[in-house]
Amino acid sequence: MKQLIVGTLMFVCTHCSFASNQAEILPFGVFHFENPGLDKVKAKVIDVSERKNQTYLEELSLRIAEGFKPTQVLIECRKDQSVNVNEAYQRYLIDQHTLTINENEQLGFRVAKKASLKEVICYDEREISWQSTAVFSEIPNTSPEVGKEVENMIKSLTMEINELHKTETLKGILRYCNDSETEEQNKSLYLLLNEVGAFAGYSGADSTASWWHRNFRMYANIQKYAQKGNRVMVIGGVGHTSIIKDLIRLDSKRTEVKAESFL
């Protein structure tokens with residue numbers, strides 16, 4: 001019995017030590033505040049420049065800065081944009097830059113400044129992008145039923161998101177963006193296409209893999225900063241954060257901090 005107790009205590013202590021060595025990542029899913037219309041699902045988004053929404057973003061940013069205490073804030077921009085982005089951030093630090101209607105600035109800049117960070121970090125990756133041309137070209141010829149399913153899902157999501165932005169508060173919309181059901185639904189759209197071209201070219205599987213490939217690269221960039229003792233906030237569209245959260249769960253060196261606790 002004594003050996004069992006000692007062994008159990010050793011396991012618990014070892015586990016505690018292991019957990020304390022993990023970096024903390026706060027993935028924060030957002031919609032595009034200034035929607036460029038590049039996503040398959042088109043939506044007319046809420047105006048975050050309204051006073052009540054600006055007040056909420058200020059309060060949210062403060063909660064994250066004080067509650068999570070990020071050591072880095074990563075935003076969805078490319079490495080080659082980093083200089084220009086950080087020039088704007090440096091001006092913002094001295095109150096010489098007005099925030100654009102973009103989640104990277106409206107949320108990323110705000111949190112970073114409140115956390116007294118010297119810079120923000122671009123983690124996006126565009127060399128690998130979603131390769132969808134081949135699969136959508138093949139669908140009408142070989143998989144019209146899949147095409148109909150995809151069309152119906154996009155139509156349903158478009159209606160749902162448009163209604164959400166008409167009726168919900170900014171807080172409610174951000175809750176939706178960080179909800180596990182929303183995340184699973186987002187990923188399932190890509191998997192609907194996966195079967196197209198099975199045993200004959202695999203245009204669907206290659207298309208789906210290209211989306212995950214891009215996100216694996218983005219996660220590699222996150223890992224670069226999410227080292228032992230660091231607390232990294234990662235702001236990105238739901239299509240990215242939904243996969244990032246899956247990868248964190250599989251990553252023995254990192255752990256997720258839930259966005260919901262700050263909303």
Task: Leu57 side, atom CG; Glu103 side, atom CD - distance, nearest 0.5 Å - done: 11.0 Å
Task: Side-chain touch Trp211/His240, heavy atoms, less than 4.5 angstrom - done: yes
Task: Check: Pro70 main-chain N/O paired with Glu24 side-chain donor or acceptor under 3.5 Å - done: no
Open item on the list: Same cluster or not: Ile161 versus Met153, using hydrophobic residues (I, L, V, M, F, W, Y) connected whenever any side-chain heavy atoms lie under 4.5 Å apart?
Closed with: yes
Task: Between CD1 on residue Ile75 and CG on residue Leu107, distance to nearest 0.5 Å - done: 10.0 Å
TODO: Look up atom CD in Glu50 and atom CG in Leu170, then write down how far apart they are to the nearest 0.5 Å.
DONE: 10.0 Å
TODO: Please check if atom CD in Glu181 has more than 12 non-hydrogen atoms from other residues, nucleotides or ligands closer than 6.0 Å.
DONE: no
TODO: Please report the shortest heavy-atom distance between Arg63 and Tyr56, naming the atom on each side.
DONE: NH2-CE1, 3.6 Å
- [ ] Using a 4.5 Å cut-off on heavy atoms from C-beta on, say whether the side chain of Glu260 contacts that of Asp179.
- [x] no
Task: Heavy-atom side-chain proximity of Ile235 to Glu76 below 4.5 angstrom - done: no
TODO: Would you tell me whether Asp251 and Gln223 have side-chain atoms, one donor and one acceptor, within less than 3.5 Å of each other?
DONE: yes
- [ ] For side chain to side chain contact (heavy atoms under 4.5 Å, CB included), just list the numbers for Leu263 and Asn178, CA-CA rounded to whole Å, side-chain angles, deciding distance to a tenth of an Å, and then say yes or no.
- [x] CA-CA 10 Å; Leu263 288 167; Asn178 289 280; 4.1 Å; yes
Open item on the list: Is there a continuous path of hydrophobic side-chain contacts, each under 4.5 Å between heavy atoms, that joins Tyr202 to Trp130?
Closed with: no
Task: Residues Ser129, Gln131; criterion side chain to side chain donor-acceptor pair (under 3.5 Å); working and verdict - done: CA-CA 6 Å; Ser129 58; Gln131 305 297 315; 3.3 Å; yes
Open item on the list: Donor-acceptor check, side chain of Gln227 to backbone of Ala23, threshold 3.5 angstrom: yes or no?
Closed with: no
Open item on the list: I'd like to know if the side chain of Asn162 reaches the main chain of Lys44, judged simply by a donor and an acceptor atom lying under 3.5 Å from each other, with no hydrogens or angles considered.
Closed with: yes
Open item on the list: We want to know whether Gln106 and Gln54 form a side-chain donor-acceptor pair, criterion being a heavy-atom distance below 3.5 angstrom.
Closed with: yes
TODO: Check step by step if salt bridge (Lys or Arg N to Asp or Glu O under 4.0 Å) holds for Glu58 and Arg110.
DONE: CA-CA 7 Å; Glu58 276 291 315; Arg110 276 189 165 107; 2.6 Å; yes
TODO: Give a yes or no on whether the backbone of Ser207 and the side-chain of Tyr190 come within a donor-acceptor separation of less than 3.5 Å.
DONE: no
Open item on the list: Please report the interatomic distance CD(Gln72) to CD1(Ile121), rounded to the nearest 0.5 Å.
Closed with: 5.0 Å
Open item on the list: Side-chain heavy atoms nearer than 4.5 Å, only ILVMFWY residues, links allowed to pass through others: does that put Ile222 and Tyr225 together?
Closed with: yes
- [ ] Please examine the side chains of Glu151 and Lys155, heavy atoms only from C-beta on, and report whether any two atoms are closer than 4.5 Å.
- [x] yes
Task: Heavy-atom closest contact (Ala115 atom, Ala65 atom, distance) - done: N-CB, 3.9 Å
Open item on the list: Strictly distance-based, threshold 3.5 Å: is any side-chain N or O of Thr208 a donor or acceptor partner for the main-chain N or O of Ala205?
Closed with: no
- [ ] Can you establish whether the number of heavy atoms outside Arg51 located under 6.0 Å from its atom CZ is more than 12?
- [x] no
TODO: Please state whether the rings of Tyr92 and Phe109 are parallel, tilted or perpendicular, taking 30° and 60° as the class boundaries.
DONE: tilted
Task: Asp80/Arg126 under salt bridge (Lys or Arg N to Asp or Glu O under 4.0 Å): CA gap, chis, key distance, verdict - done: CA-CA 11 Å; Asp80 62 9; Arg126 294 291 179 90; over 6 Å; no
TODO: Please round to the nearest 0.5 Å and tell me the distance separating atom CD1 of Ile243 and atom CE of Met218.
DONE: 9.5 Å
TODO: Establish whether Met159 and Phe31 are linked, either directly or via other cluster members, by ILVMFWY side-chain heavy-atom contacts under 4.5 Å.
DONE: no
Open item on the list: How close do Ile46 and Thr169 get, counting heavy atoms only, and between which atoms?
Closed with: CD1-C, 4.2 Å
Open item on the list: Return the NZ to CG distance between Lys224 and Leu74, rounded to the nearest 0.5 Å.
Closed with: 12.5 Å
Task: Contact summary for Leu192 and Val146, nearest pair of heavy atoms - done: O-CG1, 3.4 Å
Open item on the list: If we ignore hydrogens and angles and just use 3.5 Å, is the side chain of Asn230 paired with the main-chain N or O of Val232 as donor and acceptor?
Closed with: no
Open item on the list: Assess whether a salt bridge exists between Arg217 and Glu127, defined as any Lys/Arg side-chain N lying under 4.0 Å from an Asp/Glu carboxylate O.
Closed with: yes
Task: ILVMFWY cluster, Ile128 and Leu247 together (side-chain gap under 4.5 Å) - done: no
Open item on the list: When you measure from the side chain of Thr158 to the backbone of Ile154, do you find a donor-acceptor pair of N or O atoms at a distance under 3.5 Å?
Closed with: yes
Open item on the list: If only side-chain N and O atoms count, and only distance matters, is there a donor-acceptor pair under 3.5 Å linking His97 with Glu105?
Closed with: yes
- [ ] Let me see the working for Trp212 and Lys187 under side chain to side chain contact (heavy atoms under 4.5 Å, CB included), right down to the final yes or no.
- [x] CA-CA 10 Å; Trp212 260 260; Lys187 287 180 289 191; 4.1 Å; yes
Open item on the list: Is the shortest side-chain heavy-atom distance between Val238 and Tyr176 below 4.5 Å?
Closed with: no
TODO: Please examine the side chains of Phe28 and Leu174, heavy atoms only from C-beta on, and report whether any two atoms are closer than 4.5 Å.
DONE: yes
Open item on the list: Is it the case that the side chains of Glu59 and Ser61 hold a donor-acceptor pair, with the cut-off being a distance below 3.5 Å and no angle test?
Closed with: no
- [ ] Mind running side chain to side chain contact (heavy atoms under 4.5 Å, CB included) on His165 and Ile173 for me, showing each step along the way?
- [x] CA-CA 7 Å; His165 281 263; Ile173 296 168; 3.7 Å; yes
Task: Heavy-atom pair of closest approach, residues Gly108 and Val73 - done: O-CG1, 3.9 Å
Task: Heavy-atom side-chain proximity of Met233 to Leu117 below 4.5 angstrom - done: no
Open item on the list: Just so I know, are the side chains of Ile248 and Tyr219 near enough to count as touching, which here means a heavy-atom distance under 4.5 Å?
Closed with: yes
- [ ] Please name the pair of heavy atoms, one in Pro27 and one in Glu256, separated by the smallest distance, quoted to 0.1 Å.
- [x] CD-CG, 3.7 Å
